[in-house]
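In what follows, a single structure is set out as structure tokens and then discussed.
Every value quoted in this text rests on a predicted model; they were computed, and no experiment measured them.
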Amino acid sequence: MAEKSQREMEQARRLAASLLAAPDDQACQACLDRVEEYVAAQVAGKPYAQLFPDVAQHLDACVACAESYALLYEAQLRAAQHDSLPLPARIPAPDLSFLAPRPVAGAALSDRAAQLRAALTMAVEQTGERLRLRLTQALLAASRPPVAPALAVRGNQPRLMFDLTLDSPHPTIERLQLSASAADDAAERGDLRVQVALQGREWPDLAGVAITLTLGAEQRAALTDPWGETVFAGVPLALLEAALVEVELPPAM
Amino acid sequence: MDSNTDSASLYTACLQDGSDAQIDAFQQLWSYLYRVTYAMTHARPNGEALAADCTQTALIKIHRNLAQCRDPASFRAWAAQIARRAVIDALRQPDHARQVPFPDDERVQAAPPPDDSLDLHHMLLEAIQHGPLSERSRRVVIGRFFHEQSDEKLAGDERSLGDERVLPSHIQVTRAKNLAKLRQDTALLDRLRDYLAP
């Protein structure tokens, strides 16, 4: 009897905890990052709720995530049961303009590469627990694409102002990418995208790296998403040539 | 490149910047991923346009992050996961309210105030029995939390009651929505906090 009472109280506490849960954006992202594995386990007949208790609890606490899970589950179930998937009558053509243009052969390429290497050497330093990258006119000039491919996004085609990749700038960072895009050449503001790839980690475990952008007197801070990416929107393009980007270094693995 | 190109070869071709092989590879990837996203969006208004948007978003993310695919032999599966996530992220935006209804429950009257004399277990049972939940919702919440039944079992039970459409995913969403309804009872939540306070 006492055992039954204790069990009932445990059940009640679990329900009470679900009712009192106040999920936030971070909890939703953590759930969505694991929900594919959760669904795969469920479709395979494994004890999915026991294997992923945090996901199960969050799905009870968050209607939006429960609906996302349901969408994924039904798609995976149809695929697993080899049901006839709804097929489109036609498949539209993609916009592949985001693919890189053919490499330019000869001296022009090697000159640009040399300029870029020299500018990067001057621009990167480690200060305490941060990696600092100071953008300069020379660096941006060396990073401008020879023929700027349009980024294919919904609606308008932004113009790529520069695209910069640093390989292994620090033992804990595999790659650091910065790019800036604007609506057109006359735009005064644009978006600065920063993406960090960490050694030994991959999507969706790249979230939470602190990035700070200093533009003149203005400072902005953001955390990376599960892709290791953050976008600073509406950046005054004229200030980019003296901007400072700081990446909080993760602890070595 | 034919449509049966294995994942590893497809991945290798995607890496070849500026080549015709890369263009072919991304064309092939697009065709594959469009089917994946279409399967998730076809029932929605403008489902085809949404599928195209999400596939395009996924294609760009894949191109930018090719180095993060650690197992080229599973490249298609990795890419499909990214495409499915693009659909989920798009549908969570405010302008994409869910259009396809679940077999769901109707509204009933509001719950009476919680009885302070009951223990936690009985108080919650009372809240569920007399709260703004339909009969199915009560079965789903009680079934999971007090009888520890899986959503597969609960869906099977609902199907045996005559509704052939019920899936475990419907059970999960029904339960989440009805817990959300119970959360609107602030008096109940206050009592729960008192019970769970250290």
Side-chain touch B/Tyr195/A/Met9, heavy atoms, less than 4.5 angstrom: no
Neighbour count >12 (heavy atoms, 6.0 Å) for atom CG, B/Asn46: no
Interatomic spacing from CZ in B/Arg193 to CG in A/Leu19 - rounded to 0.5 Å: 10.5 Å
Side chain / backbone / both / neither for A/Ala93 at chain B, heavy atoms under 4.5 Å: backbone
Close side-chain approach of A/Leu96 and B/Trp30, heavy atoms under 4.5 Å: no
Residue A/Gln76 versus chain B: region with a heavy atom under 4.5 Å: side chain
Distance in Å, A/Arg14 CZ paired with B/Phe146 CZ, rounded so as to fall on 0.5 Å steps: 10.0 Å
Atom pair CD1/CG of B/Ile88 and A/Leu72 - distance to nearest 0.5 Å: 4.5 Å
Most contacts with chain A, counted as non-hydrogen pairs under 4.5 angstrom, among B/Arg144, B/His42, B/Arg85: B/Arg85
Winner by heavy-atom pair count (cut-off under 4.5 Å) against chain A, out of B/Leu59, B/Val87, B/Leu182: B/Leu59
For A/Cys62 against B/Ala176, the heavy-atom pair lying closest together: O-CB, 4.3 Å
Which atom of B/Leu189 lies closest to which atom of A/Leu20, heavy atoms considered: O-CD2, 3.8 Å
Residue pair B/Asn65 / A/Glu229, side-chain heavy-atom distance below 4.5 Å: no
Contacting moiety of B/Val36, where chain A heavy atoms sit under 4.5 Å: neither
Taking every non-hydrogen atom, the tightest pair across A/Trp227 and B/Lys61: NE1-CD, 3.2 Å
Any side-chain heavy-atom pair of A/Val63 and B/Leu179 under 4.5 Å: no
Exceeds 12 heavy-atom contacts within 6.0 angstrom, atom CD of A/Gln26: no
Least distance between heavy atoms, B/Gln172 atom then A/Leu59 atom: NE2-O, 3.3 Å
Leading residue by heavy atom contact count with chain A [cutoff under 4.5 Å; candidates B/Glu48, B/Arg84, B/Met40, B/Gln27]: B/Arg84
Test log, rule side chain to side chain contact (heavy atoms under 4.5 Å, CB included), inputs B/Gln81 and A/Glu37: CA-CA 10 Å; B/Gln81 190 173 352; A/Glu37 294 174 83; 5.9 Å; no
Separation of B/Arg92 CZ from A/Leu71 CG (nearest 0.5 Å): 11.0 Å
Toward chain B, the part of A/Glu10 with a non-hydrogen atom under 4.5 Å: neither
Distance-minimising heavy-atom pair for B/Arg183 and A/Ala21: NE-O, 4.0 Å
From A/Gln11 atom CD to B/Leu120 atom CG, the distance as rounded to the nearest 0.5 Å: 11.0 Å
Over all atoms of both residues, closest heavy-atom pair of A/Arg90 and B/Tyr34: O-CE2, 3.9 Å
CZ-CD distance between A/Phe98 and B/Gln56, expressed to the nearest 0.5 angstrom: 6.0 Å
A/Glu74 side chain reached by B/His170 side chain, heavy atoms, under 4.5 Å: yes
Residue B/Ile128 versus chain A: region with a heavy atom under 4.5 Å: side chain
Main-chain N/O of B/His121 paired to A/Glu8 side chain as donor or acceptor, under 3.5 Å: no
Top contributor to chain B contacts, counting heavy-atom pairs under 4.5 Å, from A/Glu36, A/Gln195, A/Glu174: A/Glu36
Under 4.5 Å from any heavy atom of chain B - which part of A/Ala40: neither
